[in-house]
Amino acid sequence: MRISRLVTRTLRDDPPEAETASHRLMLRAGLIQQVAAGVYAYLPLAWRSLQKIEQIVREEMDAAAGQELRMPALQPLELWEQTGRNAAFGDNMFRLDDRRGRPLALAPTHEEVVTNIVKGNVQSYRDLPVILYQMQTKFRDEPRPRAGLVRVREFTMKDAYSFDADDDGLDGSYQAMAQAYRNVFRRCSIPVVMAEADSGAIGGKDSHEFLLPTDTGEDTVITCPNCAYAANAEKAEGVYPEQERPDPLELEEVSTPGIKTIAGLAEFLGVPESQTLKAVFYAADGEVVFATIRGDLDVNEVKLKNALHCNELRLAEDDEVKAAGLVAGSTSAIGITNIRRIADPSISKGGNFVVGANKEDTHYRNANYPRDFEADMITDIALAQPGHLCMHCGSTLESTRGVEVGHIFKLGTFFSEALGAYYLDTDGQQQPITMGCYGIGVSRILAAAIEQNHDERGIVFPPPIAPYQVYLVGLNMSDESVAEAAGDLYDRLWAAGIETLFDDREDAAAGVKFNDADLMGLPVRLVVSPRNLRQSSVELRGRTDEDSEMVPLGDVVEAVRGMMGTG
RNA sequence: CGGGGUGUAGCGCAGUGGCUAGCGCGCCACGUUCGGGACGUGGAGGUCGGUGGUUCGAAUCCACUCACCCCGACCA
């Protein structure tokens, strides 16, 4: 490609709306253009890179026995009713009607369709296992798109689905996919953390996310610096500091005028926060529920949602709290019987707690479970935090932000049972197929790779996913000898299979070309100029090299190959 | 959905009631330059997001509305 013919142009200044490095650099280098909120056009440079990413993913999926296919993005809504996911996705799914008024969906994912395909083709255990995958556009009506390609409403995903006879088979498919994912991210120069993740309301047992640790990420990952433990904060379990269980003292009412928060309460009464109990009210599918946890801990809303088996969970509104007869700021489980009470096991780690008295400006001292109050359910709803201890090795846990680039799930038989995908086992008995699903955000890989690989001058493309390998600069293109030598070199590079972007602009100053070369971040830069031609040489330089080297014109192809490690 | 903000030329921005709406970059033509974002001369380019209103007169004031950005909520 000649830059004089390239449709895109680079931006001299940083776009003011872009906060993250990948967003900023992709806009500046002319990789993407926004069409609507969370909707982007992939411009020619980005598209070349994305196709390379897709090819890497394809190679690894094929190596893991995946079979590529392509399913429709446009799907009958009826299919989503059969699994109950029309409701589960809610406003996140794009819906439309056709000319006959039949409801359709733009697919956010493809479990329903792929399960139906397999249902029609797999009948016996002899047909299993099967792994199907596709590169497909997904549509999700995200409430708030952000950070360029990181969170968008239309994006390219590689989604794979495994079909096995039983859990052992699923374990094998799951491990194969996990390894394929590690290979993909390594080849794209994205150093991922594989973290335990929440499997969602419908998911089965295991689930792992692959995250690029970066401050601009949306997810919080809890990691152990000592052992391999890593988990999304939604899922993470930690050991919080244990406390003695003191001899129970008598319940005692105290006046706490104006105290509304745990921190204020602890300070006012001179006790540590861990000697208080915190009460939080949620609306679970509209029902007000009451959650209790030790005052120094926070509620993990994902764990709570899973425990309650509800679709929607949010903090209760003030009027809902009031209607339930609760006194915000001074609530406790003592005496509460008319609503569901969920408690974290931490309420019995320690004792003689300070709790609310369900009266304005009043608390109790010395509350103890179960002497003074009860719960309908006791289950882990605590948010693991840095400073808590690793439950595997006891080290102090750390926390980092991350961008999720891949996610794998063990689905079990939810979809096969809902959609009737069964096979006959060796005894001739009908069994539901055991499924797994595996997603990679292809367009998000591009963003993550740039987030990880850039410097103050621009992108530093990992060679396997660079749009071109070589940025060929012609200086003084109006000089015929330069134009001829550079044009000839350009043809020879392509003839040798080296993808080259040729900066043949006659009207751009040297500085403009060098800055654009750095911004676009192709791995190798070549410079043809009158000065270099006097030595019958060109200048060769890697994107991150301090210095360049002079290479005789005839040796350039070999030198480039050597620099790319393919010679 | 709550909070904050922005919509004026391809991009970035200025313009608080008064003549033909301006600046920088970019773009076109000619000339001079030519190794890290050159210079001169001359040009092209705008329903001031939209609708309605106030006014002799609106980019500017008012109302409504749409779009986009940031924070949060949300997020298989």
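Quantities reported herein were computed from a predicted structural model and do not represent experimental measurements. Numbered from 1 within each chain, the chains take letters A, B, ... in sequence-line order.
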Taking the six-membered ring for Trp, are A:Y174 and A:H208 parallel (under 30°), tilted (30 to 60°) or perpendicular (over 60°)?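 A:Y174 and A:H208: tilted rings.
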Kindly assign one of parallel, tilted or perpendicular to the pair A:Y181 and A:F185, based on the angle between their ring planes and the thresholds 30° and 60°. perpendicular
Side chain of [X] - closest among [options]:
X: A:R541; options: B:A76, B:G36, B:G37; value: B:G36
X: A:R531; options: B:C27, B:A76, B:G35; value: B:G35
X: A:E111; options: B:A76, B:G35, B:C69; value: B:A76
X: A:R457; options: B:G36, B:A76, B:C75; value: B:G36

Got a donor-acceptor pair under 3.5 Å from the side chain of [X] to the base of [N]?
X: A:R144; N: B:C70; answer: no
X: A:R140; N: B:A76; answer: no
X: A:R12; N: B:G36; answer: no
X: A:D518; N: B:G36; answer: yes
X: A:N515; N: B:G36; answer: yes
X: A:R534; N: B:G35; answer: no

[X] has an atom [atom1]; how far is it from atom [atom2] of [N], in whole Å?
X: A:D479; N: B:C34; atom1: CG; atom2: P; answer: 12 Å
X: A:D516; N: B:G26; atom1: CG; atom2: P; answer: 12 Å
X: A:Q535; N: B:G35; atom1: CD; atom2: C1'; answer: 13 Å
X: A:E142; N: B:A76; atom1: CD; atom2: P; answer: 9 Å
X: A:M93; N: B:C74; atom1: CE; atom2: P; answer: 21 Å
X: A:R28; N: B:G37; atom1: CZ; atom2: C1'; answer: 10 Å
X: A:N532; N: B:G36; atom1: CG; atom2: P; answer: 13 Å
X: A:M520; N: B:G36; atom1: CE; atom2: P; answer: 19 Å

For [X], answer base if it contacts any base atom (sugar-phosphate contacts may also be present), sugar-phosphate if it contacts only those atoms, and nothing otherwise; contact means non-hydrogen atoms under 4.0 Å.
X: A:P16; result: sugar-phosphate
X: A:S207; result: nothing
X: A:R505; result: nothing
X: A:R24; result: nothing
X: A:R151; result: base

Would you say that more than 12 heavy atoms from the other residues, nucleotides or ligands in this model lie under 6.0 Å from the CD of A:Q179, or not? yes
[Y] versus [X], side-chain donor and acceptor atoms under 3.5 Å:
X: A:R95; Y: A:N86; answer: yes
X: A:E111; Y: A:T115; answer: no
X: A:W80; Y: A:Q75; answer: yes
X: A:R401; Y: A:T220; answer: yes

Could you tell me which nucleotide pairs with [N] by Watson-Crick or G-U wobble geometry, both distances under 3.5 Å, or answer none if nothing does?
N: B:A73; value: none
N: B:G45; value: none
N: B:G35; value: none
N: B:G24; value: B:C11
N: B:C30; value: B:G40
N: B:U55; value: none

Can you tell me, in whole Å, how much space there is between the P of B:A59 and that of B:U20? 11 Å
Distance between the C1' atoms of B:C39 and B:C25, in whole angstroms? 15 Å
Which residue, A:H23 or A:P143, contacts RNA chain B at a nucleotide closer to its 5' end, judged by nearest heavy atom? A:H23
When you match A:E19 and A:K513 each to their closest nucleotide on RNA chain B, which lands nearer the 5' end?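 The residue closer to the strand's 5' end, by nearest nucleotide, is A:K513.
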A:R146 side chain near B:C69 phosphate (N/O to OP1/OP2, under 4.0 Å): no
